[in-house]
Amino acid sequence: MSASAAVHPASCPTTVARPLMLQDWDSLTFVHWRVEPGMVQRLLPPGLAVDTADGAAWVSLVLFRLRVRWLSTPALPYATVFPEINVRTYVTGPDGGAGIYFLSLDAPRLVAVTTALVTYGLPYRWSRMRLEEAGSRVTYRCRRRLPRFPAASCLVSVDAGEARAAPDLAPLDHFLTARWSLFASRQGRLVRADVEHPTWPLARARLLDYDDGLLAAAGVPEVSGEPVVHYSPRLHARLTAPRPC
């Protein structure tokens, strides 16, 4: 089953008045590939349907530096500032609302990994990671630590490029980036959290180096064709607590 009728507004349609956490996403790169919808549907829990654009499902690597603050705890720089890499896809929920579903998330802080697993049910993996910046070149590196997870590593390097004005962005740019909900399976139940943030400042970036095993480890067969690549310097977000769908 696939769905493609969901609306993807470029600006957040809701306000998160009582966030569970605050996040900043710095030096963020999206690398998006077209894939066959049926392949993605097989990876989703019951209740979610593939969301398509341009006749295809999409999977993305999202690579960035995360600054997170849980409002119930003090900010601790070592535990709350670190690189992260996500493998995600695009879905509609039981009510037809559009969102994202994470196939995997890699981070280097074990406390953060454990907390997100318990709170949101997100499939985090504990990994060694580095983010390096030199001029407009940004490089991300990742290698998983724990043997009980599928062994995988990742190297991505991009030229961040120049920011694009809002009128230059196409509907596909918004489909792939302007998402205001995330879905997860927690203890066998589908849950949803909402996200509020400003409109993305996006640049069309250029992929310089790519060697990835995270997609295959998440169940995505080898991708082909030229990806769509975006870069964004920084964005602030507010996230709700998860709630049953």
Side-chain angles (χ1 to χ4, degrees), residues 3 6-30 44-45 47-49 51 60 62-77 79-105 107 109 111-124 166 169 171 173-187 189-202 230-245:
V7 177
H8 308 286
S11 299
C12 187
T14 60
T15 298
V16 175
R18 295 183 178 180
L20 177 64
M21 71 168 78
L22 308 177
Q23 294 189 355
D24 289 311
W25 305 325
D26 297 347
S27 304
L28 184 145
T29 293
F30 298 96
L44 303 180
L48 296 183
D51 198 2
S60 305
V62 186
L63 316 95
F64 56 103
R65 180 184 296 108
L66 175 65
R67 303 175 188 272
V68 60
R69 182 184 172 194
W70 297 81
L71 296 188
S72 59
T73 61
L76 302 172
T80 58
V81 182
F82 48 85
E84 182 168 316
I85 300 178
N86 302 335
V87 179
R88 75 184 203 180
T89 191
Y90 305 90
V91 299
T92 57
D95 65 353
I100 57 177
Y101 180 75
F102 292 101
L103 301 174
S104 69
L105 308 92
R109 302 291 186 263
V111 170
V113 166
T114 303
T115 301
L117 279 167
V118 172
T119 305
Y120 284 89
L122 295 172
Y124 266 93
L169 297 174
D173 297 313
H174 299 311
F175 174 93
L176 294 170
T177 61
R179 295 282 166 155
W180 313 109
S181 297
L182 66 87
F183 296 94
S185 181
R186 187 180 64 179
Q187 298 178 343
R189 299 184 65 187
L190 190 65
V191 297
R192 169 180 174 165
D194 295 326
V195 183
E196 178 192 1
H197 60 70
T199 302
W200 281 102
L202 290 177
H230 295 102
Y231 177 82
S232 188
R234 189 173 193 183
L235 200 70
H236 178 72
R238 300 161 61 88
L239 285 76
T240 68
R243 64 185 187 278
C245 289

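Please read these numbers as outputs of a predicted model, since none were measured by experiment.
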Can you tell me how far the [atom1] atom of [X] sits from the [atom2] atom of [Y], to the nearest 0.5 Å?
X	Y	atom1	atom2	result
Ile85	Ser104	CD1	OG	9.0 Å
Thr177	Tyr90	OG1	OH	8.0 Å
Thr80	Arg67	OG1	CZ	9.0 Å
Phe64	Tyr231	CZ	OH	13.0 Å
Trp200	Cys12	CH2	SG	12.5 Å
Leu48	Ser185	CG	OG	8.5 Å

(message) Please check this pair: side chain of Thr240 against backbone of Ala193, looking for a donor-acceptor N/O pair closer than 3.5 Å.
(response)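 Flag not set: sc Thr240 to bb Ala193 has no pair under 3.5 Å.
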Close side-chain approach of [X] and [Y], heavy atoms under 4.5 Å:
X	Y	result
Tyr101	Pro45	yes
Leu28	Leu235	no
Glu196	Thr14	no
Arg179	Val195	no
Pro123	Leu105	yes
Phe30	Leu202	yes
Arg109	Val68	no

(request) State whether Arg69 and Asp24 are salt-bridged, where the test is any N-O pair (Lys NZ or Arg NE/NH1/NH2 against Asp/Glu carboxylate O) under 4.0 Å. (result)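 Salt bridge between Arg69 and Asp24, a charged N being under 4.0 Å from a carboxylate O: no.
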(request) Go through the steps for Leu169 and His230 under the test side-chain contact (heavy atoms from CB on, under 4.5 Å), then give the verdict. (result) CA-CA 11 Å; Leu169 297 174; His230 295 102; 5.5 Å; no
(message) For a side-chain contact (heavy atoms from CB on, under 4.5 Å) check, start with the C-alpha distance between Met21 and Tyr120, then their side-chain angles and the critical distance, and finish with the verdict.
(response) CA-CA 12 Å; Met21 71 168 78; Tyr120 284 89; 3.4 Å; yes
Which heavy atom of [X] sits nearest a heavy atom of [Y], and at what distance?
X	Y	result
Ala184	Gly121	CB-O, 4.1 Å
Leu44	Ala49	CD1-C, 3.9 Å
Thr119	Arg186	O-NH1, 2.7 Å
Phe183	Gly93	CZ-CA, 3.7 Å
Ser181	Ala98	CB-O, 3.9 Å
Val113	Ala107	CG2-O, 3.9 Å

(message) Asp194 vs Arg243, test: side-chain contact (heavy atoms from CB on, under 4.5 Å). Steps then yes/no.
(response) CA-CA 9 Å; Asp194 295 326; Arg243 64 185 187 278; 3.1 Å; yes
(request) Give a yes or no on whether the ring-centroid distance for Trp25 and His197 is below 6.0 angstrom. (result) yes
(request) Tell me, yes or no, whether the heavy-atom count around Arg18 atom CZ, taken from other residues, nucleotides or ligands under 6.0 Å, exceeds 12. (result)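 For Arg18, atom CZ is not crowded (no more than 12 foreign heavy atoms under 6.0 Å).
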(message) Quick one, Asn86 with Ile100, criterion side-chain contact (heavy atoms from CB on, under 4.5 Å). Give me CA distance, side-chain angles, the key distance, then yes/no.
(response) CA-CA 11 Å; Asn86 302 335; Ile100 57 177; over 6 Å; no
